[in-house]
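Notes for the one structure printed next.
The sequence lines fix the lettering, A, B, ..., with proteins before strands; numbering per chain opens at 1. Hydrogens, waters and symmetry mates play no part in the numbers below; they use all other heavy atoms, side chains included.
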Amino acid sequence: MTPRKRLMGVGAAVLAGSLVLSACGGGGEDPAEGDSEAIITVGSGEPQNPLIPAMTNEVFGGLVVRNIFAGLVYYDENGAVQNEIAESIESEDNVTWTITIEDGWTFTDGTPVTAESFVKAWDWSAQLDNATNLSYFYEPFVGFSFEENTSLIDEGGLEVVSDTEFTATLKQPESDFPVRLGYAAFFPLPEAFYEDPEAFGENPVSNGPYTLTEWEHDSAITVEPNPDYAGDRVPQNGGVEFVAYTDEDSAYNDLLANNLDIVTNVPASAFSTFEEELGDRAVNQPAAVTQVINVPEYVEDFQGEAGVLRRKAISMAIDREGITSTVYDGARTPASDFTNPVINGWSDDIPGSEVLEYNPEEAAALWQEAEEMDPLGDDYTLFIASNADSDHQSWIDPACNTIREALEIECEFDQYPVFDEFLEARDAREIKGLFRGGWQADYPAMSNFLGPIYGTGAGSNDMDYSSEEFDAKMAEGNAAETPEEATELYKEAQEILFQDMPGIPLWYYNVTAGYAETVDNVAFGWDSDPILTEVTKSE
Amino acid sequence: MLWYIGRRLLQVIPVFLGATLLIYGMVFLRPGDPVAALGGERGLPEAVQDQIREQFHLNDPFFVQYLYFLKGIFTFDLGPDFSGRPVAETIANAFPVTFQLALMALAIETIFGIGFGLIAGMRKGKFFDSTVLVWTLLLIAVPTFVLGFVAQIVFGVQLGWFPVTAGRDPDFESLLMPAMVLAGTSMAYILRLTRTSVAENLTADHVRTARAKGLSRSQVTNRHVLRNSLIPVVTFIGADLGNLMAGSIVTEGIFNINGVGGTLFESIIRGENVTVVAIATILVLVYIAANLLVDLLYAVLDPRIRYA
């Protein structure tokens with residue numbers, strides 16, 4: 001199995017939560033009274049980074065870190081933001097935020113969690129010299145720099161007011177700032193961390209629902225309930241064992257044999273059978289991941305007015321419905337916007353979104369129109385680039401087939417053997433056609449699917465797309481007073497994207513997971529992670 | 001004899017240097033940038049990437065990097081990998097279980113391969129022989145991963161005779177099914193080699209002479225037929241030990257055994273060059289040792305072979 005390198009995130013997922021609930025309630029029986037001593041086993045993998053919150057940018061380490069640490073806020077089963085250590089997070093102008101925290105929280109080594117625990121941790125993680133994987137999360141803070149080593153405290157981005165209060169100052173208004181604070185980058189760290197970060201990464205001192213008991217490399221990580229935990233996510237079981245699997249198929253087979261309680265990823269080979277095999281213990285709900293084909297602005301074929309017509313023609317030539325049902329057996333949902341259905345305020349009828357519907361006649365007409373303006377010729381070959389070390393051929397080939405049929409051009413999968421080779425070409429702007437893109441939300445806000453990808457000069461804007469109109473709309477949304485108002489503005493920003501088509505949204509990923517007969521109360525959050533504290537074991 | 005062993009051991013030095021240089025070169029030439037991939041789709045900030053490259057000497061020319069690697073080997077300190085974990089620890093974790101698995105597979109394929117091969121060879125053309133030939137053909141034709149999955153689902157999930165996966169701290173019982181799957185193809189080859197060799201030797205002059213002398217059937221079989229027939233088989237088994245250790249990626253993956261195969265695969269994907277080269281080097285040394293052992297065994301099996 002290729003190690004999954006998707007980035008994780010946090011956020012609001014009302015839709016996801018309701019689906020999970022129906023999955024659990026399907027049996028119509030009362031959840032069995034659990035054994036509070038029982039250890040829950042979860043199929044996972046060896047974390048790629050030390051267990052330091054700001055270092056964990058991949059799923060395996062992220063799942064552990066989120067269960068052993070507590071932040072200012074957390075995301076509940078329905079994906080809503082709930083205060084955990086925070087008492088209040090307030091701002092008048094969306095720029096300067098005053099954060100007060102509850103008294104009485106401690107780390108597992110007995111030291112108290114104070115305002116300084118947060119401020120120092122964020123400052124350390126944001127410093128360039130410490131090269132943390134999540135450093136981009138601190139980019140909005142005053143004083144943050146990717147060029148030189150700076151301290152957010154010295155530059156005025158963070159300030160401790162008292163033991164229970166601190167302020168954060170941002171470079172510009174960010175209305176969704178409180179939503180971000182449940183992310184691992186914003187967890188507090190104890191004093192012990194700074195003495196020896198390396199040892200800490202192996203055996204962290206934490207403040208969350210669980211605390212680490214053992215990390216046996218390449219085979220398992222065990223955590224047990226933290227008796228000093230002072231929040232709402234109180235574990236209903238005797239601990240969790242994250243079992244490392246190198247192959248999803250073997251984890252799934254272990255689940256079938258009741259040797260494993262929860263799998264977070266059903267292997268593709270079982271997509272067509274798992275719902276039958278697991279019955280109401282199968283989980284298939286939207287995840288906060290959206291797959292896109294990106295259009296590089298530097299490729300001449302897609303520039304200008306003719307270019308935009310071609311983008312729309314290609315979009316309408318792809319049979320999303322067909323591919324998601326035949327290739328993925330329903331484990332993907334055709335996209336109807338640039339964001340994701342797990343996000344609050346999501347809607348599928350944004351003006352312009354009709355270009356995402358399969359319409360070969362219209363597609364052919366648009367392509368013809370573009371040909372009249374700026375001919376590419378009949379023997380034109382469209383390239384769709386991706387890495388070949390994970391399974392992308394299975395959707396690119398059928399997508400190419402429908403494009404070939406509708407537009408009467410050639411279409412080919414432009415393969416890069418390994419992921420980092422693909423990244424290198426992407427970052428060097430050397431891709432000769434369209435390329436695969438995917439986005440997993442970091443926090444549950446619509447803006448997270450838009451700004452970081454389509455904003456001018458944004459970190460993940462690998463297309464070099466630039467639209468003043470779009471940037472202005474996003475800035476307006478970020479400065480909005482209420483979340484509802486912001487959502488409306490973000491939707492208007494999407495209308496601009498539908499005109500320009502810097503990317504062609506394909507489909508939303510689903511969480512395809514399952515659990516064994518041995519456990520109850522298993523729900524998956526908006527971020528595709530099981531909510532482990534709630535799980536009970538009936539044995 | 002000792003002189004011979006000494007000479008062979010001296011040969012290890014150039015082979016070791018050549019192999020590490022070659023493997024390091026190949027890994028180095030692999031396109032792509034592992035540091036860029038550390039941040040997933042989003043990628044890490046350029047400044048952070050630069051810092052990591054600096055830390056791992058990735059900006060230095062090829063030979064400087066290679067010398068750093070050699071220094072690491074000879075000072076027994078290969079340094080950390082990208083995740084900050086010592087490379088030596090990763091390797092030390094991976095080898096014991098793979099070694100155990102390989103030895104178990106080796107024992108299974110040797111015992112059953114030679115045993116059935118001998119019987120089949122003695123009864124060439126009879127019912128037992130034909131049946132065994134069909135079975136070995138099947139074993140050779142079916143890829144290991146198919147065999148592994150079928151065994152896992154039938155014997156593990158459905159019948160529950162064996163543990164589905166080996167899990168942490170695998171014991172003899174949980175490694176039994178993986179070892180049998182791993183041994184499958186090689187056992188078929190050993191069986192066929194032994195069978196052909198035995199059948200051939202049965203008609204050899206010295207065997208006829210031995211029979212004419214009035215030796216008992218078992219004495220003829222054990223001392224004159226089997227021993228002589230084993231030379232090609234031993235050659236195969238010797239080479240196979242290396243194969244079993246390096247080639248168990250598929251089996252280890254299916255049965256979730258945290259051994260060399262999985263570690264090597266993950267390291268290649270993650271661009272952990274030092275880990276890849278170190279593991280490959282150890283495997284080269286295992287091959288060399290196994291080959292030396294085979295060469296020495298020749299002398300035991302066939303008194304006409306002498307080393308000086």
Side-chain angles (χ1 to χ4, degrees), chain A residues 1-7 46-50 55 57-58 61 128-129 131-133 135-136 139 145-148 198 201-202 216-220 243-247 249-251 253-254 256-257 259-260 389 416-424 426-427 437-440 452 459-460 462, chain B residues 30-52 55 80-85 89-90 93-94 145 148-149 152-153 156-158 160 163-170 249-250 252-259 261-263 265-266 268-271:
Chain A
M1 186 198 80
T2 320
R4 277 162 306 140
K5 281 217 176 110
R6 59 191 169 95
L7 295 166
E46 168 77 359
Q48 270 186 52
N49 299 297
M55 290 301 289
N57 63 339
E58 45 78 54
L128 196 60
D129 284 354
T132 59
N133 290 333
S135 58
Y136 61 89
E139 208 180 343
S145 166
F146 275 135
E147 267 76 49
E148 49 178 343
E198 217 167 288
E202 278 290 308
E216 197 182 320
H217 281 282
D218 294 320
S219 77
V243 186
Y245 283 88
T246 45
D247 189 309
D249 282 288
S250 52
N253 284 338
D254 257 345
L256 290 181
N259 288 342
L260 182 71
D389 60 353
Y416 291 83
V418 286
F419 179 61
D420 50 337
E421 230 176 300
F422 169 63
L423 287 188
E424 206 178 26
R426 189 187 77 180
D427 295 342
W439 186 259
Q440 173 158 26
S460 290
D462 303 306
Chain B
R30 166 186 175 269
D33 180 357
V35 177
L38 284 177
E41 297 279 347
R42 188 195 309 257
L44 295 175
E46 202 49 53
V48 174
Q49 289 191 24
D50 282 343
Q51 201 159 346
I52 296 172
Q55 189 191 339
D81 59 15
F82 289 135
S83 70
R85 194 177 164 213
E89 190 191 303
T90 310
N93 249 348
F145 71 89
F149 273 124
Q152 185 179 47
I153 289 175
V157 176
Q158 289 172 357
V164 180
T165 56
R168 57 201 293 201
D169 308 324
I249 297 186
V250 175
E252 286 183 5
I254 294 171
F255 296 102
N256 201 35
I257 299 164
N258 314 303
T263 309
F265 181 73
E266 294 256 308
I268 292 172
I269 292 292
R270 291 181 186 184

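For the pair Ile254(B) and Asp249(A), the minimum side-chain heavy-atom distance is 4.5 Å or more.
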Audit row: Asp247(A), Asn256(B), side-chain contact (heavy atoms from CB on, under 4.5 Å) steps and yes/no: CA-CA 7 Å; Asp247(A) 189 309; Asn256(B) 201 35; over 6 Å; no
Before you tell me yes or no, could you show the steps for Thr90(B) and Glu46(A) under side-chain contact (heavy atoms from CB on, under 4.5 Å), namely the whole-Å CA-CA distance, both residues' side-chain angles and the distance that decides it to 0.1 Å? CA-CA 11 Å; Thr90(B) 310; Glu46(A) 168 77 359; over 6 Å; no
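Rounded to the nearest 0.5 angstrom, Glu216(A) CD and Asn93(B) CG are separated by 8.0 Å. Atoms NE2 and CZ, from His217(A) and Arg85(B) in turn, are 4.5 Å apart once rounded to the nearest 0.5 Å.
No part of Gln55(B) comes within reach of chain A, as not one of its non-hydrogen atoms sits under 4.5 angstrom from that chain. For Glu424(A), the part lying near chain B is the side chain, with the backbone staying farther off; criterion is any non-hydrogen pair under 4.5 Å.
The side chain to side chain contact (heavy atoms under 4.5 Å, CB included) check on Ala131(A) picks up Val48(B), Gln51(B), with sequence neighbours excluded. Taking the side chain to side chain contact (heavy atoms under 4.5 Å, CB included) definition, one finds that Asn259(A) meets it with Asp254(A), Ala257(A), Val164(B), sequence neighbours left out.
When all heavy atoms are compared, the tightest approach of Thr246(A) to Glu252(B) is OG1-O, 4.4 Å.
Comparing Asp81(B), Ile268(B), Thr165(B) by how many heavy-atom pairs each has under 4.5 Å with chain A, the most go to Thr165(B). Between chain B and the options Leu260(A), Asp218(A), Thr132(A), Leu128(A), heavy-atom pairs under 4.5 Å are most frequent for Asp218(A). Of the residues considered (Ala244(A), Ser250(A), Pro417(A), Ala251(A)), Ser250(A) shows the highest number of contacts with chain B, using heavy-atom pairs under 4.5 Å.
No more than 12 heavy atoms of other residues, nucleotides or ligands lie within 6.0 Å of CD in Glu198(A), so this atom counts as exposed by the packing criterion.
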